[in-house]
2 protein chains.
Amino acid sequence: MTEPYDAVDVIRAQRDRTGVDPDALRWMVDAYTREYVTDAQMAAFAMAVLLNGMDRDEVRVLTDAMIASGERMSFAGLGKRTVDKHSTGGVGDKITLPLAPLVAAFGVAVPQLSGRGLGHTGGTLDKLESIPGWRAALSNDEMLAQLRGIGAVICAAGSGLAPADKRLYALRDVTGTVEAVPLIASSIMSKKIAEGTESLVLDVKVGSGAFMHDLEKARELARTMVALGADSGVATTALITDMDTPLGLAIGNANEVRESVEVLAGGGPADVVELTATLAREMLALAGQPDADVETALRDGRAMDVWRAMIRAQDGDPDAPLPTPRETHTVTAATAGIVTRIDAWDFGVAAWRLGAGRARPRDPVVHAAGIDLHVKPGDAVTAGQPVFTLAADDASRIPRALAALEGGWAIGDTAAASRGIVIERITA
Amino acid sequence: MTEPYDAVDVIRAQRDRTGVDPDALRWMVDAYTREYVTDAQMAAFAMAVLLNGMDRDEVRVLTDAMIASGERMSFAGLGKRTVDKHSTGGVGDKITLPLAPLVAAFGVAVPQLSGRGLGHTGGTLDKLESIPGWRAALSNDEMLAQLRGIGAVICAAGSGLAPADKRLYALRDVTGTVEAVPLIASSIMSKKIAEGTESLVLDVKVGSGAFMHDLEKARELARTMVALGADSGVATTALITDMDTPLGLAIGNANEVRESVEVLAGGGPADVVELTATLAREMLALAGQPDADVETALRDGRAMDVWRAMIRAQDGDPDAPLPTPRETHTVTAATAGIVTRIDAWDFGVAAWRLGAGRARPRDPVVHAAGIDLHVKPGDAVTAGQPVFTLAADDASRIPRALAALEGGWAIGDTAAASRGIVIERITA
């Protein structure tokens with residue numbers, strides 16, 4: 001077969017900002033999926049995208065091409081409004097767990113097609129797999145039935161959605177092209193649009209423990225994704241939220257499930273409750289319920305009922321004891337004072353070293369491993385008071401985690417002003 | 001074996017211009033040669049070099065690493081001064097053929113390790129292979145003996161010089177990263193420095209038929225290479241010369257040999273004579289003979305004697321008839337006037353389509369194919385006067401060559417002012 005375009009011409013157009021022909025860009029993604037365009041060609045293209053950027057139309061064409069590389073799902077026959085949420089990833093970010101049942105408690109379908117963690121941020125499926133019996137893999141029919149009946153489903157995204165993105169994502173990881181905003185945006189949005197949700201709320205993290213370290217980049221990413229959603233008929237709102245410090249007190253897997261259940265029981269750390277409620281209000285607004293009283297649904301057990309049904313529907317036992325660690329190590333305050341800093345990146349790396357995360361895609365995670373914070377920035381401590389507890393299945397992991405935490409937390413005289421959890425809201 | 005660096009860190013440093021660690025850059029080139037660093041990683045790095053540039057020290061480290069990937073030759077035991085010349089490539093550029101014997105006629109050793117052509121610019125070895133019996137491949141001993149005796153040698157560069165560059169060059173060709181000045185400079189200079197020449201004259205072409213289309217880029221390339229030479233102890237001078245129009249009247253292989261012999265016989269087109277003499281003076285100045293009378297050496301047969309000895313030493317017959325084409329087609333002037341334009345790029349592509357060049361590295365070339373110009377820009381023509389003649393072995397190639405020439409030449413009322421052949425001279 002004669003190819004209608006030449007990869008070098010597409011790379012050059014992106015390199016020189018002379019404007020990439022939309023049909024040539026679509027061909028490039030398709031030919032990459034077919035392995036006619038090589039990894040080396042796509043890597044050069046990705047670097048040119050990272051350094052030169054793309055305009056709104058180009059990102060849309062790229063995203064459409066990613067979607068076209070695989071199957072498209074539809075929730076049109078469900079008879080319910082659908083709304084999805086995506087987080088760009090953070091430390092202690094278990095928000096999907098209480099959020100999906102909370103929103104579903106209002107009669108809205110919440111399809112959370114999720115991934116596993118890689119690196120210092122955990123994966124939603126890894127956390128849920130702490131629950132004995134729970135399974136991530138559902139057939140499309142099972143997923144639709146669960147959305148129709150219970151309303152909330154958190155399950156593994158099938159490999160059929162945007163396969164070109166899967167290949168490109170792995171390539172970016174080894175070629176220094178992860179941080180390209182147009183590529184991050186099209187990677188996230190191609191999967192969400194292909195999934196078929198009606199509306200979407202994005203939680204774009206900014207801070208030491210996030211992909212995006214500075215607010216300007218986070219804003220650019222949020223705006224790009226909101227525009228992509230609008231251009232594809234998916235009503236999309238983005239919140240930019242803080243990831244300088246871990247969310248809540250639990251960092252790991254089983255302990256994050258425990259904390260999520262506390263929130264569903266009407267308790268839990270204030271920051272997790274605030275972010276869960278704020279995201280739920282945004283999702284319900286997109287689903288036509290702008291005045292939904294989400295706090296009451298957390299307090300009166302309606303969200304918890306959906307959670308229990310959702311876990312049971314995927315063969316999990318919501319009442320079974322969660323795994324506990326073999327080894328723990330508690331760090332205490334040397335002096336009295338105010339906790340001035342608990343760094344998300346350092347605590348994320350430490351939890352990862354304890355076994356809560358994985359280094360390679362097929363490694364197992366240790367469900368009981370992780371960190372429990374006993375205090376948050378701004379809290380007062382006395383000398384000798386526990387600050388955090390490390391948990392692992394293997395004592396040899398503790399010193400390596402402690403090394404990661406050196407300089408990662410501090411006790412001082414006065415608390416720095418916090419910028420709050422929700423920093424900015426971006427709409428189309 | 002544990003690798004001391006990570007390719008992603010090197011790519012990121014080049015991408016963000018935070019300064020590439022010299023040892024890490026050396027490792028990158030070495031690991032690429034060992035195929036530990038992948039083509040995709042090197043392609044992303046090359047694109048970052050193209051878009052961000054490199055400073056003088058970085059280009060030097062890169063070039064040193066290319067040299068270190070292979071063997072180094074030495075002409076120290078020769079008992080003669082050595083001087084080499086390199087052209088960045090142009091249409092009708094046969095200058096090496098008369099130049100090497102001319103300079104050698106002054107007792108200087110001229111080692112011209114050359115390549116074959118790819119694309120619209122011809123290769124010196126392809127041209128010489130028009131001569132019956134002539135062989136390009138010499139052993140190191142044969143080359144040294146010829147340099148000692150005759151003084152001039154034009155032969156194939158061994159694959160042992162800068163093998164990392166060879167791999168990178170092929171990669172750049174398919175990833176849109178050919179035009180990166182630091183990579184062009186290190187590619188050329190690594191081979192010349194590894195070859196072991198004492199001094200070097202660079203002919204940096206600028207114009208429609210050259211790699212570099214604008215003067216500023218050509219200047220940047222020339223300055224980068226002159227600096228690299230100086231930093232490596234190779235005295236280097238660069239001339240920036242015109243390539244808007246083909247050099248001389250012959251474009252092809254056998255016809256370029258014929259034209260070169262005319263120059264060695266004291267005749268030939270004025271531009272070829274001028275450039276040959278100018279480059280010879282630069283080379284001889286670097287070899288300690290600033291006042292050499294090169295015009296006389298062309299007229300009195302001394303240069304021709306070296307040419308004949310040089311061809312014979314490589315089993316060629318300087319008196320054998322050169323191949324002639326099966327098919328020719330002459331284009332005449334429709335109206336009287338002045339030739340205002342003969343475009344180097346268009347005539348280069350036409351000659352290539354006639355069979356004078358190759359599309360893939362292992363294709364053969366047709367030695368008798370090419371174009372003979374009958375006039376040059378600035379010449380007056382009458383209606384019906386021949387302007388140029390196409391030559392091929394296969395008549396079906398003629399229409400495709402004519403198509404390439406549409407708009408590639410013009411006859412008007414007045415000749416445009418020419419900028420001359422030698423545009424600028426750049427020294428350390």
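No experiment lies behind these values; they were computed from the predicted model shown. Chain letters run A, B, ... following the sequence lines, proteins first and then strands; every chain starts at 1. Worth knowing before you read on, the calculation uses all heavy atoms, side chains too, and leaves out hydrogens, waters and symmetry mates.
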Quiz item: Which answer fits B:Arg12, side chain, backbone, both or neither, if we ask what part of it has an atom under 4.5 Å from a heavy atom of chain A?
Solution: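 When you check distances to chain A, only side chain atoms of B:Arg12 fall under 4.5 Å.
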Quiz item: Could you state the interatomic distance from OG1 (B:Thr38) to CG (A:Asp39), rounded to the nearest 0.5 Å?
Solution: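 That separation rounds to 7.5 Å.
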Self-check item: Contact residues of residues 45-56 of chain B (partner chain A; heavy-atom separation under 4.5 angstrom)
Solution: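 Counting heavy atoms that sit under 4.5 Å from chain A, the residues of residues 45-56 of chain B involved are B:Met47, B:Ala48, B:Leu50, B:Leu51, B:Asn52.
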Practice problem: Determine the option with the most heavy-atom pairs under 4.5 angstrom with chain B, choosing from A:Ala40, A:Ala7, A:Ala43. | Solution: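 Maximum pair count with chain B is reached by A:Ala40.
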Quiz prompt | Option that, when pairs with chain B are counted at under 4.5 Å, heavy atom only, ranks first among A:Val8, A:Ile11, A:Thr175 | solution =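 Counting heavy-atom pairs under 4.5 Å, the top option is A:Thr175.
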Identify every side-chain donor-acceptor pair in residues 396-406 of chain B under 3.5 Å, counting partners at least two apart or on other chains, and give the distances.
from     : atom 1 : to       : atom 2 : distance (Å)
B:Ser396 : OG     : B:Asp394 : OD1    : 2.9
B:Ser396 : OG     : B:Asp394 : OD2    : 3.2
B:Arg397 : NH1    : B:Arg353 : O      : 2.8

